[in-house]
**Q** 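Sharing a structure here in structure tokens format.
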Amino acid sequence: MSGPAAGTAVAATTTDVVCLGESMVTFLPSQPGRLADVPSFGRGIGGAESNVACALAAAGHRAAWVGRVGADGFGDHLVETIASYGVDTSAVRRDPVRPTGIYFRTATDRGTDTHEVAYYRAGSAASAMSPANVPYEELFAGRVLHLSGITAALSGDCLALLRELTAARPGRPLVSFDVNHRPHLWRGGDADASVLLELARRADLVFVGEDEAEEAWGIVGAEAIRAAVPEPAVLVVKRGSAGATVFASGLRPGARSSIAGGAESAGARSSSAGGAENADTVTHVPALHVDVVAAVGAGDAFAAGFLSATLRGLPVRDRARHGHLMAAAVLTVPGDLTEPPARDHADRLVALDDDAWGRLRLGPGWTAADRASEEVRTP
């Protein structure tokens with residue numbers, strides 16, 4: 001029987017966030033250039049959901065990562081490295097037949113024409129995840145279950161699993177879903193667009209980039225995205241250097257509630273849409289000025305920062321600001337993961353007035369600063 005058994009009791013919540021997805025060993029170039037020309041690579045880890053788990057654990061939350069890796073050295077490295085961030089990896093399964101996925105990438109920004117990524121993940125252990133072989137008790141043990149559209153693209157079984165996990169059922173934790181549209185992973189046609197829209201509409205909290213919504217769904221603008229994804233209680237539209245727009249509603253018929261209150265965001269530029277009985281609170285939070293070292297992992301870090309602040313019951317503006325700060329921490333280092341700013345440091349920055357927030361410019365090493373004023377300078 002696939003999926004959780006009917007009437008199965010949900011385990012007592014001992015975890016803040018459970019993240020499910022594929023993590024891979026990533027090989028980072030020793031110097032810029034084409035993959036054909038790079039002489040050597042350093043080893044790291046990469047995976048949207050495990051990135052979120054690591055960032056949350058480093059920020060002081062109880063985070064777990066659930067995945068499937070090969071019974072090989074790369075699988076050992078992944079589990080040990082993710083656990084070293086304080087993430088619970090006890091529910092990770094080992095596949096005796098299929099390998100752990102790996103990939104190589106160039107040093108250039110993934111948004112440029114010269115960026116290359118070579119994936120070796122077809123037939124990986126993670127692609128064999130299905131409703132029949134995941135530990136449902138562990139997946140439902142957290143306050144939040146975080147998923148992404150990447151998993152849905154790995155195989156038909158993985159898609160079936162995400163449909164099971166996003167299905168409405170009593171006792172389901174809040175489902176956080178990052179659209180994470182990756183066209184190269186899908187097997188052609190328009191199936192990816194409809195699948196990602198379907199999954200997003202079944203979630204409670206959704207993250208989507210304005211650019212990927214246009215690419216996947218042909219939808220332009222934050223308001224139009226909200227119209228296409230009306231069900232989630234919270235929709236976060238990431239707009240790159242323009243910031244983020246958050247739609248939050250506990251009033252809309254059929255909307256599923258957040259794990260914490262604070263939909264009203266004092267001090268932010270907000271408006272209501274849809275009428276008094278059907279209203280969204282719409283909050284726009286500008287992005288920070290960041291001296292970017294490498295534009296990788298920022299979306300995962302933003303999600304982690306937003307989730308961290310959500311778990312703490314902070315207002316929407318502060319959730320988005322914590323997302324921006326967590327993203328800035330990753331943008332100012334070479335890899336996908338880094339130590340986030342201390343909570344009290346981040347809270348001081350989040351509390352700045354709009355003018356001071358707009359004057360922040362963050363560069364390498366900013367997370368170690370002791371006082372918010374040390375980062376405030378004119379861009």
**Q** When you look at Arg172 and Leu145, which way does the side-chain contact (heavy atoms from CB on, under 4.5 Å) test go after all the steps?
**A** CA-CA 9 Å; Arg172 188 189 84 173; Leu145 174 61; over 6 Å; no
**Q** Are Tyr85 and Leu78 connected in a single hydrophobic cluster, I mean Ile/Leu/Val/Met/Phe/Trp/Tyr linked by side-chain heavy atoms less than 4.5 Å apart?
**A** yes
**Q** If we ignore angles and hydrogens, is there a donor and acceptor under 3.5 Å between the side chains of Ser90 and Asp88?
**A** yes
**Q** Is it the case that one hydrophobic cluster holds both Leu337 and Val79, taking links as side-chain heavy atoms less than 4.5 Å apart, direct or via other members?
**A** yes
**Q** Would a distance-only check, ignoring hydrogens and angles, find a side-chain to backbone donor-acceptor pair under 3.5 Å from Asp280 to Val282?
**A** no
**Q** Does Leu196 form a side-chain contact (heavy atoms from CB on, under 4.5 Å) with Phe177? I'd like the steps, not just the answer.
**A** CA-CA 10 Å; Leu196 293 173; Phe177 180 72; 4.2 Å; yes
**Q** Is a donor on one side and an acceptor on the other found under 3.5 Å between the side chain of Arg343 and the backbone of Ala59?
**A** yes
**Q** Drop me the distance from Asn133's CG to Asp95's CG, to the nearest 0.5 angstrom.
**A** 8.5 Å
**Q** How many angstroms lie between CD1 in Ile82 and NE2 in His77, if you round to the nearest 0.5 Å?
**A** 9.0 Å
**Q** What residues, two or more places apart in sequence or in another chain, satisfy salt bridge (Lys or Arg N to Asp or Glu O under 4.0 Å) together with Glu210?
**A** Arg239
**Q** Taking the side chain as C-beta and beyond, is there a heavy-atom pair between Val285 and Thr283 under 4.5 Å?
**A** yes
**Q** Going by heavy atoms in the side chains, are Thr15 and Glu138 under 4.5 Å from each other?
**A** no
**Q** Begin with the C-alpha distance, continue with both residues' side-chain angles, and end with the deciding distance and a verdict on side-chain contact (heavy atoms from CB on, under 4.5 Å) for Leu362 and Leu325.
**A** CA-CA 9 Å; Leu362 306 179; Leu325 287 169; 4.0 Å; yes
**Q** Got a second to check how far His322's NE2 is from Thr310's OG1, nearest 0.5 Å?
**A** 10.0 Å
**Q** Would you say the side-chain atoms of Arg202 pair up with the backbone N or O of Arg163, donor to acceptor, closer than 3.5 Å?
**A** yes
**Q** Going by the rule ring-ring contact (aromatic ring centres under 6.0 Å, His included), which residues pair with Phe41 if we only count those two or more places apart in sequence or in a different chain?
**A** Phe104
**Q** Show the numbers, then the answer: is there a salt bridge (Lys or Arg N to Asp or Glu O under 4.0 Å) between Arg94 and Asp76?
**A** CA-CA 9 Å; Arg94 308 300 292 260; Asp76 294 342; 2.6 Å; yes
**Q** Between Arg201 and Val229, is any pair of side-chain heavy atoms under 4.5 Å apart?
**A** yes
**Q** Rounded to the nearest 0.5 Å, what's the gap from CG on Leu20 to CZ on Arg68? Could you check?
**A** 11.5 Å
**Q** Any link between Val179 and Phe247 through a network of hydrophobic side chains (Ile, Leu, Val, Met, Phe, Trp, Tyr) touching at under 4.5 Å?
**A** yes
**Q** Salt-bridged, Asp16 to Arg312, with N to O below 4.0 Å?
**A** no
**Q** In this structure, which one of Val208, Leu147, Asp300, Thr151 forms a side-chain contact (heavy atoms from CB on, under 4.5 Å) with Asn180?
**A** Asp300
**Q** Apply the test side-chain contact (heavy atoms from CB on, under 4.5 Å) to residues Trp366 and Arg361: give CA-CA distance (whole Å), side-chain angles for both, the deciding distance (0.1 Å), then the verdict.
**A** CA-CA 9 Å; Trp366 75 267; Arg361 183 157 195 153; over 6 Å; no
**Q** Taking all non-hydrogen atoms of both residues, which atom of Pro341 and which atom of Ala329 are closest, and how far apart?
**A** CD-CB, 4.2 Å
**Q** Report the relative orientation of the aromatic rings in Phe74 and Phe27; use parallel for angles under 30°, tilted for 30 to 60°, perpendicular for over 60°.
**A** perpendicular
**Q** Measure the CD1-OG1 distance between Ile225 and Thr245 for me, rounded to the nearest 0.5 Å.
**A** 9.0 Å
**Q** To the nearest 0.5 Å, how far apart are CG in Asp354 and CZ in Arg317?
**A** 6.5 Å
**Q** Considering the options Leu199, Asp204, Leu162, which one meets the side-chain contact (heavy atoms from CB on, under 4.5 Å) requirement together with Val175?
**A** Asp204
**Q** With a 3.5 Å distance limit and no angle check, can you tell me whether Trp357 reaches the backbone of Leu288 through a side-chain donor-acceptor pair?
**A** no
**Q** I want to know whether His324 and Phe302 have ring centres closer than 6.0 Å.
**A** yes
